[in-house]
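Below is one structure; the comments refer to it alone.
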Amino acid sequence: QVQLVESGGGLVQAGGSLRLSCSASGDTFSSYAMAWFRQFPGEEHEFVAAISGTGSATFYAADLEGRFTISRDNAKNTVYLQIGSLKPVDTAVYFCASRLESIATMPFKLVSLASAYSSWGQGTQVTVSS
(Lines give C-alpha, C1' and ligand atoms only; values in the text may rest on other atoms or scores of the structure.)
Protein backbone atom coordinates (compact mmCIF):
# COMPACT_ATOMS: atom_id res chain seq x y z
CA GLN A 1 0.00 0.00 0.00
CA VAL A 2 1.04 3.55 -0.60
CA GLN A 3 1.06 6.30 1.96
CA LEU A 4 -0.52 9.53 0.78
CA VAL A 5 0.04 13.14 1.80
CA GLU A 6 -2.00 16.00 0.36
CA SER A 7 -0.88 19.60 0.13
CA GLY A 8 -1.79 22.81 -1.61
CA GLY A 9 -5.00 23.71 0.14
CA GLY A 10 -5.66 27.12 1.61
CA LEU A 11 -7.83 30.21 1.51
CA VAL A 12 -8.60 31.59 -1.93
CA GLN A 13 -11.04 34.14 -3.29
CA ALA A 14 -13.94 33.12 -5.46
CA GLY A 15 -12.91 32.98 -9.09
CA GLY A 16 -9.38 32.01 -8.25
CA SER A 17 -7.59 28.75 -8.89
CA LEU A 18 -5.71 26.23 -6.84
CA ARG A 19 -3.60 23.15 -7.48
CA LEU A 20 -3.69 20.38 -4.94
CA SER A 21 -0.94 17.79 -4.79
CA CYS A 22 -0.88 14.31 -3.35
CA SER A 23 2.50 12.67 -2.84
CA ALA A 24 2.73 8.92 -2.54
CA SER A 25 5.37 6.69 -1.01
CA GLY A 26 5.82 3.07 -0.13
CA ASP A 27 5.09 1.21 -3.34
CA THR A 28 5.18 1.47 -7.13
CA PHE A 29 3.04 4.55 -7.71
CA SER A 30 2.18 3.79 -11.33
CA SER A 31 0.48 0.57 -10.23
CA TYR A 32 -2.19 2.56 -8.43
CA ALA A 33 -5.25 4.30 -9.69
CA MET A 34 -5.73 7.57 -7.85
CA ALA A 35 -8.76 9.62 -6.99
CA TRP A 36 -9.75 12.87 -5.35
CA PHE A 37 -12.73 13.16 -3.05
CA ARG A 38 -14.00 16.03 -1.00
CA GLN A 39 -15.92 16.15 2.21
CA PHE A 40 -18.28 18.81 3.47
CA PRO A 41 -18.94 19.08 7.22
CA GLY A 42 -21.18 16.28 8.40
CA GLU A 43 -21.33 14.59 5.02
CA GLU A 44 -19.80 11.56 3.32
CA HIS A 45 -16.90 11.74 0.91
CA GLU A 46 -17.97 13.10 -2.47
CA PHE A 47 -16.22 11.88 -5.61
CA VAL A 48 -14.38 14.53 -7.59
CA ALA A 49 -12.11 12.79 -10.11
CA ALA A 50 -10.02 9.69 -10.72
CA ILE A 51 -7.13 8.73 -12.95
CA SER A 52 -5.74 5.36 -14.00
CA GLY A 53 -2.20 4.26 -13.21
CA THR A 54 -0.82 5.29 -16.58
CA GLY A 55 -2.92 8.43 -16.74
CA SER A 56 -4.66 7.25 -19.90
CA ALA A 57 -8.13 7.19 -18.34
CA THR A 58 -9.75 9.93 -16.31
CA PHE A 59 -13.15 10.21 -14.68
CA TYR A 60 -14.95 13.26 -13.34
CA ALA A 61 -18.06 14.00 -11.37
CA ALA A 62 -20.45 15.33 -13.98
CA ASP A 63 -21.09 18.66 -12.30
CA LEU A 64 -17.39 19.35 -11.74
CA GLU A 65 -15.87 18.48 -15.09
CA GLY A 66 -14.56 21.58 -16.80
CA ARG A 67 -13.39 23.30 -13.62
CA PHE A 68 -11.47 20.35 -12.15
CA THR A 69 -8.56 18.60 -13.84
CA ILE A 70 -6.81 15.54 -12.50
CA SER A 71 -3.32 14.62 -13.63
CA ARG A 72 -0.37 12.63 -12.41
CA ASP A 73 3.39 12.56 -12.70
CA ASN A 74 4.55 9.01 -12.06
CA ALA A 75 8.19 10.07 -12.04
CA LYS A 76 7.39 12.29 -9.05
CA ASN A 77 4.93 9.88 -7.41
CA THR A 78 2.38 12.68 -7.35
CA VAL A 79 -1.20 13.21 -8.44
CA TYR A 80 -2.63 16.69 -8.89
CA LEU A 81 -6.02 18.32 -8.85
CA GLN A 82 -6.23 21.65 -10.62
CA ILE A 83 -9.31 23.63 -9.64
CA GLY A 84 -10.37 26.70 -11.59
CA SER A 85 -13.11 29.30 -11.15
CA LEU A 86 -13.41 28.42 -7.50
CA LYS A 87 -16.74 28.98 -5.80
CA PRO A 88 -17.62 29.21 -2.11
CA VAL A 89 -19.48 25.89 -2.48
CA ASP A 90 -16.13 24.25 -3.24
CA THR A 91 -15.12 24.84 0.36
CA ALA A 92 -14.34 21.38 1.76
CA VAL A 93 -11.59 19.07 2.86
CA TYR A 94 -10.06 17.41 -0.18
CA PHE A 95 -8.67 13.89 0.06
CA CYS A 96 -6.66 11.77 -2.31
CA ALA A 97 -7.11 8.01 -2.33
CA SER A 98 -5.50 5.05 -4.04
CA ARG A 99 -6.59 1.73 -5.48
CA LEU A 100 -4.22 -1.02 -6.56
CA GLU A 101 -6.58 -2.56 -9.10
CA SER A 102 -7.11 -0.88 -12.45
CA ILE A 103 -10.04 1.47 -12.99
CA ALA A 104 -9.55 1.94 -16.72
CA THR A 105 -12.39 -0.42 -17.67
CA MET A 106 -14.55 0.03 -14.59
CA PRO A 107 -17.97 1.66 -14.85
CA PHE A 108 -18.17 5.17 -13.48
CA LYS A 109 -20.56 4.20 -10.69
CA LEU A 110 -17.89 1.92 -9.23
CA VAL A 111 -14.94 4.27 -9.86
CA SER A 112 -16.75 6.99 -7.93
CA LEU A 113 -17.33 4.93 -4.80
CA ALA A 114 -15.18 5.82 -1.79
CA SER A 115 -15.19 2.15 -0.82
CA ALA A 116 -13.31 1.32 -4.04
CA TYR A 117 -10.15 2.93 -2.60
CA SER A 118 -8.09 1.41 0.16
CA SER A 119 -5.60 4.10 1.17
CA TRP A 120 -6.38 7.70 2.00
CA GLY A 121 -4.45 10.81 2.84
CA GLN A 122 -5.22 13.06 5.78
CA GLY A 123 -6.90 15.70 3.64
CA THR A 124 -6.21 19.33 2.85
CA GLN A 125 -8.63 22.16 3.58
CA VAL A 126 -9.78 24.39 0.74
CA THR A 127 -11.69 27.50 1.74
CA VAL A 128 -13.15 29.80 -0.88
CA SER A 129 -14.21 33.27 0.20
CA SER A 130 -16.89 35.25 -1.61
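You'll find the ring centres of Phe37 and Trp120 inside the 6.0 Å limit. In this structure, Phe47 has its ring center closer than 6.0 angstrom to the ring center of Phe108.
Rounded to the nearest 0.5 Å, atoms CZ (Arg19) and CG (Leu81) are 10.5 Å apart. If you take OG on Ser56 and CD1 on Ile51, they are separated by 8.5 Å, rounding to the nearest 0.5 Å. One finds the NE2 atom of His45 at 14.0 Å from the OG atom of Ser112 (value rounded to the nearest 0.5 Å). Between Phe68 atom CZ and Ser85 atom OG the span is 10.0 Å, to the nearest 0.5 Å. Note: Tyr32 OH to Cys96 SG = 13.0 Å, rounded to the nearest 0.5 Å. With rounding to the nearest 0.5 Å, the separation of CZ in Arg99 from OG in Ser31 is 13.5 Å.
For the residue pair Gln82/Ser71, the side-chain donor-acceptor check at 3.5 Å is not satisfied.
Cluster annotation: Leu18 is connected to Tyr94 through the hydrophobic network of ILVMFWY side chains, with a link wherever side-chain heavy atoms come within less than 4.5 Å. Taken together through direct or relayed side-chain contacts under 4.5 Å among Ile, Leu, Val, Met, Phe, Trp and Tyr, Val48 and Val12 form part of one hydrophobic cluster.
Between Ala14 and Ser130, the shortest heavy-atom distance links the atoms CB-CA, 4.3 Å. Contact between Ala24 and Leu4 at its shortest, heavy atoms only, is CB-CD2, 3.7 Å. The two residues Val111 and Tyr117 have their closest heavy-atom pair at O-OH, 2.7 Å. When every heavy atom of Gln1 is checked against every heavy atom of Ser119, the shortest pair comes out as OE1-OG, 2.9 Å. Taking each heavy atom of Ala50 and Ile103 in turn, the nearest pair found is CB-CD1, 3.8 Å. Across all non-hydrogen atoms, the minimal contact from Val128 to Leu86 is CG2-CD2, 3.8 Å.
For the pairing with Arg38, the side chain to side chain contact (heavy atoms under 4.5 Å, CB included) check across Val126, Leu64, Leu20 returns one residue only, Leu64.
Around atom CD of Gln13, no more than 12 heavy atoms belonging to other residues, nucleotides or ligands sit under 6.0 Å away.
Using a 4.5 Å heavy-atom cutoff, the side chains of Glu101 and Met106 are not in contact. Within the 4.5 Å cutoff, side-chain heavy atoms of Val79 are placed close to those of Trp36. Ser25 places none of its side-chain heavy atoms less than 4.5 Å from the side chain of Asn77.
Of the possible polar contacts, one joining the Glu6 side chain to the Gln122 backbone as a donor-acceptor pair under 3.5 Å is found. Between the side chain of Asn74 and the main chain of Gly53, a donor-acceptor pair closer than 3.5 Å is present.
Residues satisfying the side-chain contact (heavy atoms from CB on, under 4.5 Å) test with Ser23, not counting sequence neighbours, are Thr78. Applying the side-chain contact (heavy atoms from CB on, under 4.5 Å) test to Thr127 and every residue at least two apart in sequence or in another chain returns Leu11, Thr91, Gln125. Remark: Arg72 pairs with no residue by the salt bridge (charged side-chain N to carboxylate O under 4.0 Å, His left out) rule, at least two apart or across chains.
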For this session: Take Phe29 and Lys76 through the test side-chain contact (heavy atoms from CB on, under 4.5 Å) and record every step on the way to the result.
Result: CA-CA 9 Å; Phe29 181 62; Lys76 295 183 178 179; over 6 Å; no

